[in-house]
Amino acid sequence: MAVFLWDYVSLMRGLAELDFSGPSVPSALVLTGDDAFPLVMNSQGQILMAASLYGRGRIVVFGHECYLTAFPALVENALTWLRGDGSENLSVGVHKNVSAVANNLSKSSFQATVVGAFSENPGVGVYVTDAYSVGADPKELVAFLKAGGGVLLGGQAWSYAADHPMENTLLQFDGNKVSGVAGVYISKKQGMVECLPVYPQIPSSWMSISIGKDFKDDFEFLLQGVSEFEIPGGLLASEVLVHGTLAFPIGTAGAYYAQGRVIVVSHEGLLGQEALAPFWNNALHWLDEGRQGVIGVEPDHALNILRKSGLQCEKTNLREGLSVFVCTAYKNDLVKEIQDFVAEGGGLLVGGHAWYWAQTNSGQNPLTDFSGNKILYKMGLGLLGGTIGGGIYKAPDPSQAIKDTYHFRHLLNRFAGHVTYGKKLTANEEECLKKLGSDCSILLNMKAHDCSSYQQIVSTLTDILMKCGMPQVCESNPVTSPRDHLLLNVGPQIYKVHPNPDALLPHLIKNNPLLPVVYNARIRINANTGGGEEWLSTGLYLSPGMKTYLVIPSAIVDKGWKIQIGCQTDYLGHAELKRAPCVHEQIPITKTMMQVWNLWGGLIYVVAPPNTQVQGLEVIVQIAVPAPYYKSGETKLAEWSLLRTAPSPWAELEFENIIFTVPSDVVRNLERPDELAAMWDAIMRAIADLAAIPPKFPRKERFVTDVQISHGWMHCGYPVMAYKSTAAELVNITRSKKQNLWGPIHELGHNQQRSCWEFPSHTTECTCNLWSLYVHEEVLGFNKAEAHPAMALSDRNQRAQNYVRAGRDLSGWDTWVALETYVQLQEKFGWGAFKKVFGAYHQMSNFPGDNKGKMNLYAETFSNTVGLNLCGFFKAWGWPIETATEEKLSNLPPWSDHPMVKYG
């Protein structure tokens, strides 16, 4: 629940409705920053009254001065709230132009005094004025607010804008010079009036998710003489998120913040680029606002370029008297000072990127934790982990900029209208929906529940999902449209942050049958994670949205352990999705009693961190669905006959060195998992044998099957991922004796590859096949040609012959061609030679980093292992064997009759 709800309840206490119908035409208010929140919103999503915080003070703004007297009960509530918590100061200063407010307060506990200006009675707790009477210099009133005072202000600006068409209403209208510092602007747009109910919650509407200005004049000023933006080829900039009401994209990005302005560029190196000098000239003048003040420049490399603006630039940190401050985005020490500087009228030019920070601070959120975004987020801007490469980018057309450039709020508003009223999106907007979904996820992941604008976004996205639901993606109902991609991306994120996720669940998951459960299941935890982070199976499953409590032993609390729900950990970025992009959830273990859930449900794991040893600990799971789970050495066959019917849709088979996660359907008829275990135990020991490592793996390998994976038909890793259609082949002994298991062993071979004897990209898809060959020959009883069709002798000979004819060019030495090199070695020296070679590498260190150096080391190592000089053989394959290597091996007899001799 938003922090501001209690403030809202206090302000609207005792009110059932507010009747705005009448002759007074208010201005719509524009809110920005973290602390401003609406009090009254009409049916068009226009805000007519709002409140905010600034410094230690509070402000309430009405869209018309007449409302200061039209709603006396609301005014009394406002004055009580504006006094602040615990204040005993009942003194209220009332400007003479709204003296009727003082009359209304005559019977209240407040002590109202009518004054001609704020300065006449500086000791008041609250000051009430119309928006036209803040004085020629409003700084005194702003200082009062910042120091803890309360301000109640009312007025409209549409008539001012009509009388001053060339002026910037947001900054130059008197009322905004005070309210603007707190993120509440009285706009030139007229508000629609009607009788409105007072809602129990802070009012919200997708229609209020919009931008507060067209920015045409700003674009015209900033883009004078600028037709393109050039980013040097060697420079990698960050993507910029433009999300604020008064923020705008312009190749870089800019924003109004309170009484000041900001321009952000997503790499500090660009501040010193000569090619961008015309834009920096415009930017400094726009930020300076005609003051001709001092420009304080922190980064040295920017000083000479910025001096070309004609303004007075000096090398300095932030100080009193600056008109504009230029700095990098890495200033953690001046966040509040910079924000106040801009809020009170200063200009800010900031450069920096967040992509490197994001890469080196895994698990942290750039928008909340990166120093630059601590400054910029309140201003409606953000530097993201995504990158923009070098190139020349066309500047937007000022007359079409807001329509043609991506703006988070604008597109979210347009998408909400599309979903709610069927408003047609433009082709450009359709193209940007994927980015909108990504940005929604980034923003929602902030979990900034105390921020009014964040709550507005949550409310809008919730309304969208309640209106149209989430696509029920599956193999038979794939998602392809940008619209459905966005909903599928945003749905799970909203579910995570929604105050009542159970109410939202039926709109997200339509078919969610109740499954039989077990209670208070006790799970033994044993871990020795020498092989890296490890998933420990529980044999339990949670249905989509199902919640459970876990009782955690204190020994693993705050020690890097996690609970994981879901085994399919691939992130999908496909144009056609057969499941959501991310369907698993990891929750850090931070206390001894935890409630966990995942929108998509999934098998439950306890995840042990690397380099951890525990024995005999116990986790209790309050309620969960039992899964078919077999563990060698623990599960008896009699138990399995019942366990294989357990209701979870996913099953696990855990053997000595490998664990398979497969659809439960494929194990329902598996009567002898012990026989399957024996086969896979032999396979895994053979894999260890060839790799010259102990037969017991430091971490059991995992195979997880899924309806869709991130790349390939299978891919290596922890876990190895495969399409679910391969599940039957993994758990079918009879099939394995008749058909090869090349693909699964190929992926397990990838997991054994070591960079010291790998020569990418030549051998990336080659040397892993040594394990496929070894397992099929030594365990499964297949010869090479039976193990894979590509290993037929005629095909092998043809590949070698074609390679020689093409000039033995290493660019063609990869996959099956490269494998022939290793097979020729194996057929001459046997598998034992490979085991000795791999074993020798385990004893080495300080390996070469380049392919040439590594290939020479391999030739040397293999030669010494077999006692023959193999330089001629490797040179016949086009390897770059150096004279130094040949000299080292010259004392060994040459392998003169190697298979490549016949090709000359």
Side-chain angles (χ1 to χ4, degrees), residues 515-529 533-557 559-569 583-609 612-636 639-640 642-656 658-664 667 673 677 699-706 718-719:
L515 299 177
V517 298
V518 292
Y519 294 94
N520 298 324
R522 295 176 179 269
I523 309 299
R524 301 288 285 180
I525 300 297
N526 301 311
N528 184 358
T529 56
E533 184 178 84
E534 187 170 352
W535 305 357
L536 306 178
S537 302
T538 65
L540 300 171
Y541 169 85
L542 290 180
S543 297
M546 180 180 177
K547 298 178 180 178
T548 191
Y549 280 97
L550 301 177
V551 180
I552 308 290
S554 59
I556 64 173
V557 173
K559 298 289 176 59
W561 290 67
K562 304 168 192 169
I563 299 299
Q564 179 172 304
I565 307 170
C567 55
Q568 288 86 359
T569 52
V583 293
H584 77 288
E585 192 74 40
Q586 276 197 345
I587 306 103
I589 293 177
T590 57
K591 48 191 176 183
T592 55
M593 176 73 78
M594 297 180 62
Q595 188 182 42
V596 299
W597 67 90
N598 177 20
L599 171 63
W600 305 106
L603 292 169
I604 305 173
Y605 301 91
V606 179
V607 182
T612 299
Q613 293 184 2
V614 299
Q615 194 73 25
L617 298 181
E618 187 176 75
V619 170
I620 302 174
V621 182
Q622 174 221 10
I623 182 172
V625 177
Y629 175 49
Y630 176 88
K631 186 173 184 179
S632 294
E634 294 187 14
T635 309
K636 296 179 173 56
E639 295 173 324
W640 175 247
L642 181 61
L643 276 173
R644 64 180 173 162
T645 67
S648 160
W650 292 99
E652 289 203 320
L653 304 171
E654 181 169 350
F655 304 146
E656 181 184 50
I658 195 166
I659 305 167
F660 294 105
T661 308
V662 295
S664 294
V667 304
R699 174 177 68 178
K700 295 183 182 186
E701 297 277 23
R702 278 187 174 272
F703 249 95
V704 173
T705 56
D706 198 357
Y718 183 83

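Throughout, residue positions are numbered sequentially from 1 according to the sequence presented.
When atom types are taken as modelled, the side chain of Thr612 and the backbone of Thr529 share no donor-acceptor pair closer than 3.5 angstrom. Checking side-chain atoms of Ser648 against main-chain N and O of Trp650 turns up a donor-acceptor pair under 3.5 Å.
The side chain to side chain contact (heavy atoms under 4.5 Å, CB included) search around Pro588 returns Thr590, not counting sequence neighbours. When the side chain to side chain contact (heavy atoms under 4.5 Å, CB included) test is applied to Glu585, the partners found at least two apart in sequence or on another chain are Lys496, Ile587, Asn598. In this structure Arg702 satisfies the salt bridge (charged side-chain N to carboxylate O under 4.0 Å, His left out) test together with Glu652, sequence neighbours excluded. Partners of Glu701 by side-chain hydrogen bond (donor to acceptor under 3.5 Å, both in side chains), not counting sequence neighbours, listed by chain and number: Asn751. Residues satisfying the side chain to side chain contact (heavy atoms under 4.5 Å, CB included) test with Arg644, not counting sequence neighbours, are Trp640, Glu671. Residues satisfying the side-chain hydrogen bond (donor to acceptor under 3.5 Å, both in side chains) test with Lys562, not counting sequence neighbours, are Glu533, Gln586. The side chain to side chain contact (heavy atoms under 4.5 Å, CB included) test applied to Thr592 returns Ser554, Val557, not counting sequence neighbours. Scored by the ring-ring contact (aromatic ring centres under 6.0 Å, His included) test, Phe655 finds no partners at all (sequence neighbours excluded). For Gln595, the side-chain hydrogen bond (donor to acceptor under 3.5 Å, both in side chains) criterion is met by no residue, not counting sequence neighbours. Partners of Tyr629 by side-chain hydrogen bond (donor to acceptor under 3.5 Å, both in side chains), not counting sequence neighbours, listed by chain and number: Glu654.
To the nearest 0.5 Å, the span separating CG on Leu542 from CD1 on Ile604 amounts to 3.5 Å. To the nearest 0.5 Å, atoms CG (Leu540) and OG1 (Thr548) are separated by 8.5 Å. Taking CG from Leu603 and OG1 from Thr661, the interatomic distance works out to 6.5 Å, rounded to the nearest 0.5 Å.
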Decide side-chain contact (heavy atoms from CB on, under 4.5 Å) for Lys700 and Ile658; before the verdict, give the C-alpha distance in whole Å, the side-chain angles of both, and the deciding distance to 0.1 Å. CA-CA 5 Å; Lys700 295 183 182 186; Ile658 195 166; 5.8 Å; no

Intermediate values then yes/no, side-chain contact (heavy atoms from CB on, under 4.5 Å), Ile552 and Met593: CA-CA 6 Å; Ile552 308 290; Met593 176 73 78; over 6 Å; no

side-chain contact (heavy atoms from CB on, under 4.5 Å) for Thr569 and Trp535? Distances and angles first, verdict last. CA-CA 12 Å; Thr569 52; Trp535 305 357; 3.6 Å; yes

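Across all non-hydrogen atoms, the minimal contact from Met594 to Lys591 is CG-O, 3.5 Å. Nearest heavy atom pair, residue Pro663 against residue Thr705, reads CD-OG1, 3.4 Å. Nearest heavy atom pair, residue Thr538 against residue Tyr605, reads CG2-CA, 4.3 Å.
Sorted by first and then second residue, the pairs that involve residues 534-551 and meet salt bridge (Lys or Arg N to Asp or Glu O under 4.0 Å), not counting sequence neighbours, are Asp502-Lys547.
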Distance-only donor-acceptor pairs under 3.5 Å for side chains of residues 616-628, two or more places apart:
residue: Glu618; atom: OE1; partner: Arg522; partner atom: NH1; Å: 2.7
residue: Gln622; atom: OE1; partner: Tyr549; partner atom: N; Å: 3.2

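The shortest side-chain heavy-atom distance between Tyr630 and Val667 does not fall under the 4.5 Å cut-off.
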